[in-house]
Amino acid sequence: MKLESIVSEAVVQAVKSLYGIDFVLKDVQLQKTKKEFEGDLTVVVFPFVKAARKSPEETAKEIGAYVNEKNAIITKFNVIKGFLNLSIGQAYWVEQLNEIASETNYGSVAASADAPLMMIEYSSPNTNKPLHLGHIRNNLLGYSISRIQAANGWNVVKTNIVNDRGIHICKSMLAWQLFGHGETPETSGLKGDSLVGKYYVAFDKEYKVQIKELMSQGQTEDEAKKNAPLMIATQQMLLDWERGDVATRHLWEMMNNWVYAGFDETYKKLGVDFDKIYYESQTYLVGKQQVEDGLDKGVFHRREDGSVWADLTPDGLDEKLLLRADGTSVYMTQDIGTAKLRYDDFPINKMVYVVGNEQNYHFQVLALLLDKLGFEWGKELVHFSYGMVELPEGKMKSREGTVVDADDLVDEMVQTATETSQELGKLDGYTPEQAKAISTMVGLGALKYFILKVDPKKNMTFNPKESIDFNGNTGPFIQYTHARIKSVLRKAEEQEIRVVPADDSLSLSEKETYLIQLLADYPAIVKEAGDSFSPAVIANYAYDLVKEYNQFYHDFSILREENSELRNFRLLLSENVAKMIKNSMYLLGIDVPERM
RNA sequence: GCCCCCGUAGUUCAAUGGAUAGAACGAAAGUUUCCUAAACUUUAAAUCUGAGUUCGAUUCUCAGCGAGGGUACCA
């Protein structure tokens, strides 16, 4: 049984016996005892003070004395104000360590065949420009949360909806037609997605010129935006695309294929993947059909100009456009169609959308619309809403060229890792392939950890001028600690020291028992990360563990310890710290090296 | 206008309503005949303002100030 449960139960029993009041386990507030006080686990006794009709100190003392006497694993207690600090005997900790050591995947719940299925959508790029830093956060969060939910016993299907059609794609296509002179990735040497992105920017540049011109002729800004020849041509192109015009489709296919090749490279570089990819071009018609069905059912209405709307004012929201006056579909139409296809394809129990918080409203609406259309799972969808990545100057804007390109950033990180390794002489004597593999791991680790350690709900700032650190609370710090432990374990092996279960007659330091306590926390951390959709919980845990271990490593000898039982214990402890580092980094999608 | 988020050391991030608000970077000072110094130790440094609820508020409520996002034919 878990320590927390044992103690909670003991306290409930103590309160009942001492004061005759019934509390439930949930009422017992437990926390790790702060470092500056003696003890392992602290009970907050304020909730019981009223029932006890005594001062907080007295109540704490009485409860402390009771649980100390009745429970063998509680060996000591002390009281400070309303806080009851309990010390847990080390026999318990040693037993815990042996148990942790016996399970390779301690803390993970394997999914059974009939486990519920969670589909997680992430990435969801537009095919008009390359991926940038915002997409990196999305991809890393989506990938990590998939692993975390799998570790919590879910069957997970990772999915991606590629927004491969629509007015934005037509902009790139039109600009390429007008200004491209037949340029291809091969002739330009550019990555396919970058090439297409170049024309998206070119479109915007020319569009702005046209707007300015029309405004100088006396049109308002809104009129000019509507009447600019480029915009009219783009809208025509979208209509041509929707009615299947061969030349338009051909151009579209060609340019999208360039983009896919580019995306594949970036995904591979980031180490993310998908089980099932949907394309908007294949789902939007299903969406349109769903909207038509909604019209028939009377849940939507058509305006005089032909546009279709959902009236959400009874739900406290606005009216929402579902089909434009010209009959073309919008973002929402597509999402409805995609949802329909997904639920036809998979027995989904929970649908998760990893999408930025700028779309909170969109998903509020989507949930309502799906519900109105009769999908019983509509209201159950989870919008895993994460914050924006901002630059010190503010938001990134792809049209203004202030975005941080995903490929460039990864390359820079790996480059910095390579240089740092060389400076420190860490990779001397390694083959170039080995050195490259380690630098890649470390560079990516730094980037991923930097992004994932932040609470996903919060906006975060990234300063491109200051490179991401490799010291302190960073991925490389955690990777380094793993490599360090592995080095010790290799040396132990060379000395033919076999690591066996620990002996409970040892005398352990506080640092050592605290490390075991941290290891034993892992299952609860994995659960919390899953419940709250927060890889940051895992990241912070790993950092705490590693920080604590490095202090231990500094203060104590492992291989040079003369007492062989103690030496064995420390090796076992180290081995399991390494295991937990590796397991927790796995949940973040970060690899850890054997040496660095 | 309306709706939603956010405001913690110089900077980037932590803190289920609980003890003296934790880290990291940066700044200052130290640790290496010793298992990897990408480490360890020490110092200085913060809850936007004002009320309220509470035994107890960074956390909850209200008001103010400041920043960001959304808001009906972009995705």
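Keep in mind the model is a prediction, meaning the values are calculated, not measured. Below, chain A is the first sequence line, B the second, and so on; all start at residue 1.
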*Has the side chain of A/Tyr480 got a donor or acceptor atom that lies under 3.5 Å from a matching backbone atom of A/Gly475?*
no
*Cation-pi, A/Tyr284 ring and A/Arg165 (6.0 angstrom, 45 degrees)*: yes
_Rounded distance in Å - CG (A/Asp318) to P (B/rG1)_ = 16 Å
*Between A/Trp252 and A/Tyr279, is the gap from one ring center to the other below 6.0 Å?*
no
*Is the side chain of A/Glu419 donor-acceptor paired with the backbone N or O of A/Thr416 at a distance under 3.5 Å, no angle test?*
no
*Of A/Ile80 and A/Ile167, whose closest RNA chain B nucleotide lies nearer the 5' terminus?*
A/Ile80
*Ignoring hydrogens and angles, are the base of B/rA19 and the side chain of A/Thr42 linked by a donor-acceptor pair under 3.5 Å?*
yes
*A/Tyr543 OH to B/rG22 P, straight-line distance once rounded to whole Å*: 14 Å
*Do A/Gln415 and A/Thr418 have side-chain N/O donor and acceptor atoms under 3.5 Å apart?*
no
_Classify A/Tyr361 by what it touches in the nucleic acid, base, sugar-phosphate, or nothing, heavy-atom distance under 4.0 Å._
sugar-phosphate
*Round to the nearest Å and state the distance from A/Gln364 atom CD to B/rC3 atom P.*
13 Å
*Under 4.0 Å between a side-chain N or O of A/Arg484 and OP1 or OP2 of B/rA37?*
yes
*When the distance from OH of A/Tyr549 to C1' of B/rA38 is rounded to whole Å, what number comes out?*
16 Å
_Base, sugar-phosphate or nothing for A/Thr461? Non-hydrogen atoms, less than 4.0 Å._
sugar-phosphate
*Quickly work out the A/Glu528 CD to B/rA14 P distance and round it to whole Å.*
14 Å
*Stems in RNA chain B: runs of 3 or more consecutive Watson-Crick or G-U pairs, distances under 3.5 Å?*
B:1-4 with B:68-71, B:10-13 with B:22-25, B:27-31 with B:39-43, B:48-52 with B:60-64
_Interatomic distance at P, B/rU61 relative to B/rA45, whole Å_ = 32 Å
*Length of the line joining A/His362:NE2 and B/rC73:C1', which is rounded to integer Å*: 15 Å
*Rounding to a whole Å, what distance do you find between A/Asn85:CG and B/rA19:C1'?*
9 Å
*For B/rG68 versus B/rU31, give the span between their C1' atoms, rounded off to a whole number of Å.*
45 Å
*Heavy atoms under 4.0 Å, any strand shown: does A/Phe470 hit a base, just sugar-phosphate, or nothing?*
base
*asked:* Over all strands shown, is A/Ser421 touching base, sugar-phosphate only, or nothing at heavy-atom distances under 4.0 angstrom?
replied: base
*salt bridge (charged side-chain N to carboxylate O under 4.0 Å, His left out) partners for A/Lys395, two or more places apart*: A/Glu358
_Nearest-angstrom distance, P atom, B/rA46 to B/rG22_ = 12 Å
_Strictly by side chain to side chain donor-acceptor pair (under 3.5 Å), give each pair with a member in residues 30-41 of chain A just once, sequence neighbours left out._
A/Lys32-A/Asp521, A/Thr33-A/Thr42, A/Lys35-A/Glu548, A/Glu38-A/Lys76
*With distance as the sole criterion, do the side chain of A/Asp305 and the base of B/rC73 form a donor-acceptor contact below 3.5 Å?*
yes
*Would one find a side-chain N or O of A/Lys458 under 4.0 angstrom from OP1 or OP2 of B/rA14?*
yes
*Determine the interatomic distance between P on B/rA67 and the same-named atom on B/rU8; round to the nearest Å.*
14 Å
*asked:* For A/Lys34 and A/Met388, find the nucleotide of RNA chain B closest to each by heavy atoms; which residue's nucleotide sits nearer the 5' end?
replied: A/Lys34
*Report which part of the nucleic acid A/Phe556 touches: base, sugar-phosphate, or nothing (heavy-atom distance under 4.0 Å, all strands).*
base
*Considering only the P atoms, how many Å lie between B/rA75 and B/rA9, rounded to the nearest integer?*
40 Å
*Classify the side chain of A/Lys426 and the base of B/rU36 as holding, or not holding, a donor-acceptor pair under 3.5 Å.*
yes
*asked:* Distance check, C1' atoms only: B/rC4 and B/rU43, in whole angstrom units.
replied: 43 Å
*asked:* With rounding to the closest Å, how many angstrom separate the C1' atoms on B/rC48 and B/rG26?
replied: 24 Å
